[in-house]
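Encoded as structure tokens, the structure appears first; notes follow it.
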2 protein chains.
Amino acid sequence: MKPATSLHEGLLVALRDFIVEGNLADGARVPERALCERFNISRTPLREALKVLAAEGLIELLPNRGARVRELSPEDIRELFDVMGGLEALAGRLACERISEAEFAEIERIHHDMYRFYLRRDMHGYFHCNQAIHQLIVAAAGNATLAATYAGLAGRIRRVRYSANLAKDRDRLGEAMREHEAILDALRRRAGPELSDILFLHLRNKLKAAQASTG
Amino acid sequence: MKPATSLHEGLLVALRDFIVEGNLADGARVPERALCERFNISRTPLREALKVLAAEGLIELLPNRGARVRELSPEDIRELFDVMGGLEALAGRLACERISEAEFAEIERIHHDMYRFYLRRDMHGYFHCNQAIHQLIVAAAGNATLAATYAGLAGRIRRVRYSANLAKDRDRLGEAMREHEAILDALRRRAGPELSDILFLHLRNKLKAAQASTG
DNA sequence: CTTCCAAAAAATGAATGCAAAATATCAGGC
DNA sequence: GCCTGATATTTTGCATTCATTTTTTGGAAG
């Protein structure tokens with residue numbers, strides 16, 4: 001795809017991953033000097049990258065007091081889920097307008113895989129398929145701006161780990177499977193507005209389950 | 001509100017406005033040196049600001065070839081309208097859940113103002129009210145993440161001027177008024193999913209009108 | 001022992017300097 | 001007259017440096 005442009009670009013990706021993967025504690029200072037040594041660069045490109053990450057909402061920059069890993073309050077998480085729900089709702093609507101049979105077949109195939117993982121209680125496989133389906137719907141929308149916006153929000157929330165807790169809730173898992181059935185059905189019928197609704201509520205329920213399990 | 005923290009923050013706002021207001025031609029190089037003199041700063045903070053603006057999608061950074069004002073293709077504009085439509089749809093849904101009577105009354109008041117401007121064919125007043133209503137719906141959603149995301153996309157598209165062309169289309173204006181009536185009605189009834197739909201289609205129609213008048 | 005204040009140390013924000021890459025300029029050949 | 005290629009200029013990207021602010025440390029007073 002991209003020929004790995006500049007040092008800056010690579011650094012930005014590396015630094016983003018470094019933070020998203022949780023190498024820094026929530027609310028912790030982002031040590032410029034240590035990161036400079038870690039990535040073998042000087043402070044100038046590092047600080048440029050930090051400014052970008054701050055714009056993305058991953059960290060926050062306090063004047064004269066450096067960067068901190070942004071802590072996500074329950075309210076922040078609620079907001080993020082709703083916005084992602086809105087974007088997925090949009091993705092579903094757009095997907096209904098333009099998805100190809102091949103793309104739909106691919107989603108359906110993964111859905112069936114997911115169902116098998118669900119029956120076997122293979123959580124790793126289940127979540128992998130789940131994520132893949134949502135990703136494919138966004139991709140099927142054929143809107144790069146949407147995909148980029150969605151990816152940005154997804155990156156912010158990736159620091160928070162729900163999987164372990166969510167996986168324990170068997171009721172929620174069954175409910176989620178039924179919701180996914182409905183998603184597939186609406187997509188099959190190319191029922192845009194309906195799918196839009198289902199997807200938003202699906203995200204709402206996901207949030208509710210996460211809230212119930214974590215606090 | 002904010003006490004204008006660092007030089008960087010102020011510069012970022014100034015530079016963003018400078019570009020959004022169209023001081024640089026579409027696709028034009030962003031001259032670092034000239035801007036340094038323009039804002040009386042050195043290249044370091046300017047380059048940091050450029051990185052952020054690139055992350056926001058307002059400019060694009062070509063490796064070793066500097067920054068260029070990002071040109072919006074018709075496809076880009078279509079994408080932006082759809083995503084903003086999706087976000088407004090979300091805003092409408094959330095607004096139905098939590099809007100106060102006072103907030104609704106304010107929107108209704110501006111709606112009536114807009115209707116008067118419409119009757120008088122006062123385009124400036126009409127567009128001002130129109131923008132205010134959409135802004136208030138987003139605000140009434142009570143979701144800062146949504147508001148920030150929406151503002152980011154709105155900034156990208158602000159460079160493109162449709163108003164002049166749109167204003168000439170009297171049919172579209174009447175149609176838009178009717179759509180706004182429907183928006184108010186759905187909001188009054190707190191009919192979230194319905195409002196969601198209306199808002200998305202409203203944006204779609206806006207795009208269609210813009211496309212019809214410009215190309 | 002705790003609290004408060006001052007000085008030292010470290011970190012941040014911005015400017016300058018320098019090597020590499022890109023663009024522009026110009027001479028020579030067709 | 002126009003195209004090609006080498007050189008000069010400009011510009012970009014990053015490192016280094018400097019001033020300012022913050023944080024830490026040490027010690028004295030209560």
Side-chain angles (χ1 to χ4, degrees), chain A residues 1-20 22-71, chain B residues 1-20 22-71:
Chain A
M1 291 281 173
K2 272 186 190 172
T5 61
S6 62
L7 168 62
H8 163 263
E9 181 122 4
L11 170 66
L12 189 59
V13 172
L15 190 57
R16 190 169 12 227
D17 288 350
F18 187 79
I19 292 176
V20 164
N23 296 73
L24 263 41
D26 250 39
R29 280 181 77 117
V30 179
E32 285 189 8
R33 192 156 161 46
L35 289 176
C36 286
E37 293 173 12
R38 175 86 169 64
F39 293 108
N40 276 330
I41 42 138
S42 83
R43 282 180 57 220
T44 306
L46 179 80
R47 297 182 87 261
E48 288 175 353
L50 289 179
K51 294 283 194 301
V52 173
L53 294 182
E56 290 178 9
L58 213 63
I59 61 177
E60 50 190 350
L61 257 38
L62 295 87
N64 290 321
R65 278 192 285 157
R68 286 191 138 71
V69 177
R70 182 160 169 193
E71 277 187 278
Chain B
M1 287 285 168
K2 271 187 190 172
T5 61
S6 61
L7 170 61
H8 162 264
E9 180 123 0
L11 170 67
L12 188 58
V13 173
L15 190 57
R16 191 172 10 229
D17 288 349
F18 186 79
I19 292 176
V20 165
N23 296 73
L24 263 44
D26 250 40
R29 280 180 77 119
V30 180
E32 284 188 11
R33 206 158 227 344
L35 288 176
C36 286
E37 292 173 14
R38 176 85 169 65
F39 293 106
N40 275 329
I41 42 138
S42 80
R43 282 180 54 221
T44 306
L46 180 81
R47 285 170 55 64
E48 288 175 351
L50 289 178
K51 294 282 195 303
V52 173
L53 294 181
E56 290 177 8
L58 213 63
I59 62 176
E60 50 190 349
L61 255 38
L62 296 90
N64 290 323
R65 277 189 284 156
R68 285 192 141 69
V69 177
R70 183 161 168 193
E71 277 186 280

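Every chain is numbered from 1, with letters handed out A, B, ... down the list of sequences. When reading the values below, keep in mind they use all heavy atoms of this one structure, side chains included, and skip hydrogens, waters and symmetry mates.
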Report the distance from atom [atom1] of [X] to atom [atom2] of [N], rounded to the nearest whole Å.
{"X": "A:Arg68", "N": "D:dT22", "atom1": "CZ", "atom2": "P", "value": "13 Å"}
{"X": "B:Leu61", "N": "D:dT11", "atom1": "CG", "atom2": "P", "value": "16 Å"}
{"X": "B:Leu50", "N": "D:dT12", "atom1": "CG", "atom2": "P", "value": "9 Å"}
{"X": "A:Glu48", "N": "D:dC14", "atom1": "CD", "atom2": "P", "value": "7 Å"}
{"X": "A:Arg47", "N": "C:dT12", "atom1": "CZ", "atom2": "C1'", "value": "6 Å"}
{"X": "A:Asn64", "N": "D:dT22", "atom1": "CG", "atom2": "P", "value": "5 Å"}
{"X": "A:Ile59", "N": "C:dT12", "atom1": "CD1", "atom2": "P", "value": "11 Å"}
{"X": "A:Leu62", "N": "C:dG13", "atom1": "CG", "atom2": "C1'", "value": "14 Å"}

query = Under 4.0 Å between a side-chain N or O of A:Arg43 and OP1 or OP2 of D:dA15?
reply = no
query = Between the side-chain atoms of A:Thr44 and the base atoms of D:dA15, is any donor-acceptor pair under 3.5 Å?
reply =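 Answer is yes: a donor-acceptor pair is held.
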I'd like a list of close polar pairs between nucleotides 7-11 of chain C and the protein, N/O only, cut-off under 3.5 Å.
| unit_1 | atom_1 | unit_2 | atom_2 | d |
| --- | --- | --- | --- | --- |
| C:dA11 | O3' | A:Arg29 | NH2 | 3.3 |

message = Which heavy atom of B:Asn23 sits nearest to which heavy atom of B:Phe18, and what is that distance?
response = OD1-O, 2.8 Å
Candidates D:dA15, C:dT23, C:dA14 - which lies nearest the side chain of B:Arg65 = C:dT23
Quiz: residues 49-68 of chain A side-chain donor-acceptor pairs under 3.5 angstrom, not counting sequence neighbours:
| unit_1 | atom_1 | unit_2 | atom_2 | d |
| --- | --- | --- | --- | --- |
| A:Lys51 | NZ | B:Glu48 | OE1 | 3.3 |
| A:Glu56 | OE1 | A:Arg16 | NH1 | 2.7 |
| A:Glu56 | OE2 | A:Arg16 | NH1 | 2.3 |

Distance-only check: which donor-acceptor pairs under 3.5 Å involve side-chain atoms of residues 31-38 of chain A, not counting sequence neighbours?
| unit_1 | atom_1 | unit_2 | atom_2 | d |
| --- | --- | --- | --- | --- |
| A:Glu32 | OE1 | A:Arg43 | NE | 2.8 |
| A:Glu32 | OE1 | A:Arg43 | NH2 | 3.3 |
| A:Glu32 | OE2 | A:Arg47 | NE | 3.4 |

